Amino acid sequence: MVFIIGAGVLKVGDHWEKSLRNLVTEVALAALRDAGEVPVDYLVVSNSLSGVINGQENLGSYVASHLGIAGVPALKVEAANASGAAAVIVANSLIRSGEAQRVLVVGVEKMTDYTSLEDSNTAVSTLIDSEYEAFHGATLDSMHALVMREYMKRYRINREDFSHFPIIMHENAVDTPHAQYRFKIDLNTYMSSPLLAEPLSMMDVPGLADGAAALIISSREEGPNGNAKIVSFGQATDRISLYSRSSIVEMPSIRAALERALSKVSEFKPDFYSIEEYSSVLGYIAVEELGLARRGEAYKLFREGEARRDGPIPVNPEGGSKARGDPVGATAIYQLAEAYLQLAGRAQGWQVSGARRALVLSIGGLGSNSVVHLVEGV
Amino acid sequence: MWAYWVSVPSHWREIPARYRLEGGICKNCGHTMLPKEDVCPSCGSRDVVTKQLPRRGKVVNYSVVWNAPRGYEYYTPYVVALVRLEDGTMLLSQLTDIDPSQVTEGMDVEMVLRKVRVSGESGIIAYAYKFRPLIKSD
């Protein structure tokens with residue numbers, strides 16, 4: 001059995017005064033304190049862009065050094081926005097194999113050292129195919145825009161129908177202390193926000209942000225602040241380039257990851273869903289792939305309010321990538337830390353009442369790498 | 001850093017694909033692709049050979065980029081499109097010689113060789129395919 005016994009999250013946003021090492025140290029120490037200062041025997045770092053943005057690789061040794069635990073075995077795991085979920089799979093496997101008793105998993109992304117949009121666009125463009133997509137001037141935003149246009153055409157829905165997603169995400173984030181954008185938006189905000197890549201606007205995607213989150217994962221229930229059990233996980237990939245897929249409004253990797261996760265348990269009925277969504281349209285597709293809505297109808301779940309924190313199918317009670325924020329390589333660690341805090345009843349102000357089980361879906365690189373974690377309170 | 005400039009070897013080895021649409025065809029299932037892969041992405045066969053792809057096709061889907069990465073600012077706003085070539089091969093390319101507001105899905109386009117990006121003051125100028133509206137000669 002594998003348990004999350006402590007967590008730490010930093011506020012997502014602009015941390016101009018902190019470097020990669022400051023962010024990672026601060027959050028790791030917070031998680032260790034939270035778990036009762038237990039010793040760890042493995043360190044797994046989750047990050048996606050440090051080589052491109054910060055000119056720093058070898059993050060295992062880097063983090064171990066700055067945490068003062070040099071000597072502990074350490075490595076970095078990368079899978080775009082799903083890096084954190086992949087890191088937890090590695091930690092989980094280390095514990096199950098008996099190689100480790102307790103693993104510190106820390107996710108970090110220091111993005112604001114790029115101060116121009118051109119540079120940050122270049123950095124996130126490394127998450128799509130570099131030689132045959134990014135080379136031609138395609139950006140992560142423009143790839144999501146292609147998906148959005150296709151989705152609108154296929155299901156005959158308007159730009160307006162996408163507004164329900166960010167509106168609820170922003171509403172949720174108001175109550176989340178560590179969220180990046182703690183303010184509400186409305187239909188007018190959505191419709192008048194500037195286009196990044198037609199038809200995708202600024203209100204469809206997260207902003208640029210620094211962030212760090214950490215988990216202490218253990219082979220047993222322990223620590224002073226409550227535990228959550230990692231019941232199961234599943235992962236699957238898809239072709240990295242969008243143009244070589246048979247459909248761009250379906251993300252079969254999500255389906256396959258879900259099936260793999262569910263195949264290891266007899267029954268799992270989540271009380272809420274955490275979905276890493278880089279854009280409104282990806283949020284809708286994810287909801288459909290998880291079987292929560294029929295194809296082309298995910299917007300109804302958000303329009304009718306069922307996906308609200310107090311609704312029957314809560315999605316992203318903390319505000320999701322859109323409003324909590326999306327520090328790429330750290331995002332999935334935020335998701336799992338938030339799921340842990342929810343299941344331990346510690347999400348004060350943003351708690352899903354009575355939450356016992358969570359389904360956490362992390363999606364890397366526009367559906368090219370998906371991970372599902374099933375987590376349960378103990 | 002790679003993301004910032006295109007090096008000579010990294011561009012040179014892609015020239016057959018980028019200058020003249022040399023792709024691949026799977027001898028097992030007939031799937032065509034750009035670039036030529038070692039393994040067919042459709043059926044998994046390793047029997048893939050070089051194929052000259054047709055230069056004409058149709059726009060399947062497109063987006064207008066207002067927010068460009070480093071090296072592409074000069075062209076903003078520009079159109080990136082999914083193009084289906086006459087033999088069914090899919091690829092992603094910029095459209096050229098057209099105002100973004102004039103682009104439509106299903107429009108006929110043909111390949112031309114154009115400047116795609118510059119890599120700083122001392123870097124190479126990378127040329128590659130772009131697609132423009134098909135000029136009909138009837």
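Below, all heavy atoms of this structure are taken into account, side chains as well, without hydrogens, waters or symmetry copies. Below, chains carry the letters A, B, ... as their sequence lines are ordered, and counting in each starts from 1. On a predicted model such as this, the values are computed, not experimentally measured, just so you know.
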| Which atoms of B:P77 come close to chain A, meaning under 4.5 Å heavy atom to heavy atom: side chain ones, backbone ones, both, or neither? | neither
| query | To the nearest 0.5 Å, what is the distance between CG (B:L82) and CZ (A:R245)? | reply | 11.0 Å
| query | What part of A:S142 lies closer than 4.5 angstrom to a heavy atom of chain B: side chain, backbone, both or neither? | reply | both
| query | Among B:V80, B:N61, B:V60, which has the most heavy-atom pairs under 4.5 Å with chain A? | reply | B:N61
| remark: In this structure, OH of A:Y243 is separated from OG of B:S93 (nearest 0.5 Å) by 11.0 Å
| field | Side-chain heavy-atom pair A:L196, B:W66 within 4.5 angstrom cut-off | value | no
| request: Please name the pair of heavy atoms, one in B:Y78 and one in A:H136, separated by the smallest distance, quoted to 0.1 Å. | output: CE1-O, 4.5 Å
| query | Among A:E150, A:E133, A:M148, which has the most heavy-atom pairs under 4.5 Å with chain B? | reply | A:E150
| task | Tell me, yes or no, whether the heavy-atom count around B:R20 atom CZ, taken from other residues, nucleotides or ligands under 6.0 Å, exceeds 12. | result | yes
| task | For the residue pair A:K153 and B:E105, establish whether any side-chain heavy-atom pair is separated by less than 4.5 Å. | result | yes
| field | Residue part contacting chain B, namely of A:S116, when any heavy atom lies under 4.5 Å | value | side chain
| task | Side chain from CB out, backbone as N, CA, C, O: work out which of these in A:M143 comes under 4.5 Å of a heavy atom of chain B, or both, or neither. | result | side chain
| task | Would you indicate whether B:R84, at its atom CZ, is surrounded by more than 12 heavy atoms from other residues, nucleotides or ligands within a distance under 6.0 Å? | result | no
| said: Under a 3.5 Å cutoff, is there a donor and acceptor pairing between the side chains of A:Y132 and B:E14? | reply: yes
| query | Are any non-hydrogen side-chain atoms of A:N121 and B:N67 less than 4.5 angstrom apart? | reply | yes
| request: Check whether any side-chain heavy atom of B:H11 lies under 4.5 Å from a side-chain heavy atom of A:E131, and answer yes or no. | output: no
| Gap separating the CG atom of B:L92 from the CG atom of A:D129, nearest 0.5 angstrom | 9.5 Å
| field | Residue part contacting chain B, namely of A:L200, when any heavy atom lies under 4.5 Å | value | neither
| request: Sort B:Y129 into side chain, backbone, both or neither according to what part of it lies under 4.5 angstrom from a heavy atom of chain A. | output: both
| message | Any heavy-atom pair between the side chains of B:M33 and A:S244 that's under 4.5 Å? | response | no
| message | So for B:V65, is it side chain, backbone, both, or neither that comes closer than 4.5 Å to the heavy atoms of chain A? | response | both
| query | Do the numbers put A:R149 on top of the ring of B:Y62, so that NZ or CZ is under 6.0 Å from the six-membered ring centre and no more than 45° off the axis? | reply | yes
| Is it true that atom CZ of A:R159 has more than 12 heavy atoms of other residues, nucleotides or ligands lying nearer than 6.0 Å? | yes
| message | Rounded to the nearest 0.5 Å, what separates atom CZ in B:R70 from atom OG1 in A:T122? | response | 6.5 Å
